[in-house]
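The analysis underlying the following values was restricted to heavy atoms, covering all of them including side chains, and did not include hydrogens, waters or symmetry mates. Note on naming: letters A, B, ... go to the chains in the order of the sequence lines (proteins, then strands), and numbering restarts at 1 for each one.
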Protein chains: 2
Amino acid sequence: MDGRLSGGENVTLDFRHHPAVTLAEVAEAAGVGESTVSRVLRDHGSFSKKTRDRVMEAVERLGYVPNRIAGTLASAGSRLVAFVIPSLSNIVFPDVLRGASTVLEENQHQAVFSVTDYDPEREEALVAAMLAWRPTAVMLAGFEHSERTLKMLRASGCRVVELLDLDGTALDLAVGYSNRAAGRASAEFLLKRGYRRIGYVGHDLDRDTRAGKRFAGLSEALGAAGAPLADREIYAGGSSVESGRLGLERLLARRRDLDAVYFSNDDMALGGYFHCLAHGISVPSQLAIFGYNGLDIGRVTPQPLSTIRTPRVATGRIAAELVVTNAPPQVVDLGFELVEGATA
Amino acid sequence: MDGRLSGGENVTLDFRHHPAVTLAEVAEAAGVGESTVSRVLRDHGSFSKKTRDRVMEAVERLGYVPNRIAGTLASAGSRLVAFVIPSLSNIVFPDVLRGASTVLEENQHQAVFSVTDYDPEREEALVAAMLAWRPTAVMLAGFEHSERTLKMLRASGCRVVELLDLDGTALDLAVGYSNRAAGRASAEFLLKRGYRRIGYVGHDLDRDTRAGKRFAGLSEALGAAGAPLADREIYAGGSSVESGRLGLERLLARRRDLDAVYFSNDDMALGGYFHCLAHGISVPSQLAIFGYNGLDIGRVTPQPLSTIRTPRVATGRIAAELVVTNAPPQVVDLGFELVEGATA
DNA sequence: ATGAAAGCGCTAACAG
DNA sequence: CTGTTAGCGCTTTCAT
């Protein structure tokens with residue numbers, strides 16, 4: 001009646017696709033009930049040492065791997081933490097993931113992620129997809145989300161952590177630093193150093209709203225000091241060393257009188273710095289350069305890059321800690337540190 | 001009898017923790033059977049347009065989000081792809097994830113990941129944890145895994161993709177390029193350019209076995225050409241720009257006669273290059289520098305870095321495509337490209 | 001200390 | 001075209 005009875009061919013196939021061992025099979029093999037196996041495996045409830053050994057022996061022998069899909073369905077939390085991040089090219093997000101993954105792994109949680117490419121609609125779709133896994137928490141970049149995203153998140157009942165931004169209203173938890181304040185601090189530093197004709201080279205501001213907030217803080221502080229932004233060059237698309245170089249080249253073609261340029265981040269700033277090195281523009285006497293992020297590479301260039309160091313790894317770590325400890329709603333300001341460097 | 005009956009306070013709590021809407025509730029609200037809702041949602045099987053509208057209206061109104069945990073348990077695959085990667089600091093892995101995530105998202109798969117920090121024991125534990133989610137596939141770096149890891153993987157029945165290496169035996173699928181061949185190609189290039197006193201600056205070779213294979217390929221080719229490796233400086237720990245700089249400094253302190261240095265990757269090589277810039281060592285006339293990976297930044301430095309460009313994003317993309325199409329076991333060699341640059 | 005049984009929320013036959 | 005029903009593999013009372 002069953003194909004398996006009719007030939008060796010199917011036996012072979014059955015070996016290959018052997019369905020995973022189940023808890024019931026382990027129970028059977030150990031000669032105990034299913035609930036006993038479950039108790040032993042989770043070390044919860046009581047059982048004799050003898051039973052424990054029998055069960056573990058069977059687990060070992062059969063190569064049993066518990067099925068967390070079933071486990072999660074039967075019990076409470078999934079111990080899944082979902083990251084919906086804008087990009088993996090921008091080093092910021094791998095750094096955040098790195099900080100979080102250590103903590104998550106130590107606490108038997110798993111990280112799931114997807115990449116929005118800075119698109120709010122994709123974010124919406126991806127959040128929905130993530131929510132289908134009933135994660136313990138979902139981590140997002142910043143505070144700008146579509147109405148529907150916010151609604152889904154609120155309705156989900158899972159923890160929400162908004163990362164890397166402080167300029168806005170948190171849904172639940174928020175961990176990061178103020179980009180607006182960072183922009184302002186950069187402006188004040190440059191002004192203090194005596195620069196007055198300051199330009200800006202940046203990448204797409206509408207999509208990367210945190211870069212937009214830094215720009216706003218910068219412009220605001222420069223304006224307030226009576227030294228408004230001299231000019232700006234916006235490079236469509238993501239940030240990169242190459243677009244920083246190109247952006248500075250274009251900006252200088254228009255404005256030879258600039259004495260300092262603020263870049264939307266260190267990648268861009270390094271591009272600008274390399275442009276200066278290659279074209280004999282002496283830094284900072286002819287032109288000062290200032291970045292954002294405090295990448296390690298900026299400390300090793302012939303002149304250390306002047307920038308703002310941000311606690312990206314710590315952001316991930318703290319966010320994960322708040323989630324695994326189920327901390328009450330709160331906003332954690334990790335601050336940032338201005339690195340004077342030698343380029344400004 | 002129940003605390004909830006005694007006061008308004010608990011009612012509020014109940015609102016907050018309102019359990020997620022279930023398919024049964026949607027069916028109820030729409031006045032249809034559960035399987036009908038299921039069919040409509042998955043657009044599978046047949047149903048009238050009228051029914052469809054009624055169901056969708058209820059879904060919308062209740063804010064229903066399907067539970068994939070339950071769905072997966074009831075049906076077949078999880079559509080989860082597990083990445084067990086050594087590091088997130090090394091740009092290689094974010095790049096691979098980036099390539100894969102695009103394809104996975106387009107095909108309604110989710111990426112789960114964890115980080116081994118190049119430790120085979122952690123890898124073993126993390127693979128086990130991943131397997132508990134019954135992923136469609138698990139993606140690993142390279143071919144070096146513990147016996148138990150291999151056993152679990154084989155027994156799991158899920159697809160296994162080994163990434164970024166070709167020098168070894170694949171379990172199922174493998175996508176990448178030969179690190180040994182890359183090391184050899186680098187040596188041949190340097191020799192062809194006339195360099196004979198070649199040194200090496202690298203990071204931990206035992207943990208990063210792919211870097212070890214490049215080193216082996218390099219040494220082998222240099223030895224075969226009668227110009228064996230002059231000296232080497234191994235920096236414990238991961239690769240970084242700073243350790244590249246420091247490594248070169250130390251190496252040169254011992255061997256002033258070197259005419260070229262091969263670095264374990266571009267990060268290290270950039271550190272070396274910056275050291276030369278800062279100390280007036282002219283590149284490549286006094287000292288040639290050669291890296292590995294072909295990072296974008298190396299194309300924008302005052303002198304473009306001589307290196308080998310590797311298809312990291314494509315590795316992730318192809319790996320994901322093989323998985324979502326359930327391709328037969330195979331090894332895909334994506335090759336690499338030697339970039340002549342100006343530093344060697 | 002242990003087993004039996006009732007689900008968790010969904011999908012997949014199988015009837016109608 | 002649609003509803004009913006039997007699980008998926010586990011956890012969790014509840015008895016014993």
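- Within 6.0 Å of atom CD in E121(B), 12 or fewer heavy atoms from other residues, nucleotides or ligands are found, so the atom counts as exposed in its surroundings.
- Other residues, nucleotides and ligands contribute only 12 or fewer heavy atoms inside 6.0 Å of the CD atom of E28(B).
- Between the CD atom of E124(B) and the CG atom of D119(B) there is a distance of 10.0 Å, given to the nearest 0.5 Å.
- Nearest approach of M56(A) to V40(A), heavy atoms of both residues: SD-CG1, 3.9 Å.
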Expected string for nucleotides 8-16 of chain D under the B/S/- scheme (protein heavy atoms, under 4.0 Å, primed atoms plus P, OP1, OP2 as sugar-phosphate) is BBBSB----
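- Note on S46(A): a base of the nucleic acid sits closer than 4.0 angstrom, heavy atoms only.
- In terms of modelled atom types and a separation under 3.5 Å, the side chain of D172(A) and the main chain of V160(A) share a donor-acceptor contact.
- Between L131(B) and V127(B) there is a side-chain heavy-atom pair separated by less than 4.5 Å.
- The aromatic rings of Y118(A) and F93(A) sit perpendicular to each other, their planes meeting at more than 60°, with 30° as the lower class boundary.
- Along DNA chain C, the stretch of nucleotides lying under 4.0 Å from any heavy atom of chain A spans, 5' to 3', dA1(C) to dG9(C).
- Recorded end-axis angle for the helix from dA1(C)-dT16(D) to dG16(C)-dC1(D) stands at 40°, based on five pairs per end and rounded to 10 degrees.
- When the side-chain nitrogen and oxygen atoms of S48(B) are compared with OP1 and OP2 of dT2(D), one or more of them lie within a distance under 4.0 Å.
- Counting heavy atoms from C-beta outward, V115(A) and R98(B) have side chains that stay 4.5 Å or more apart.
- When all heavy atoms are compared, the tightest approach of A128(A) to V65(B) is O-CG1, 4.0 Å.
- By the 4.5 Å heavy-atom criterion applied to side chains, R134(B) and N67(A) are counted as neighbours.
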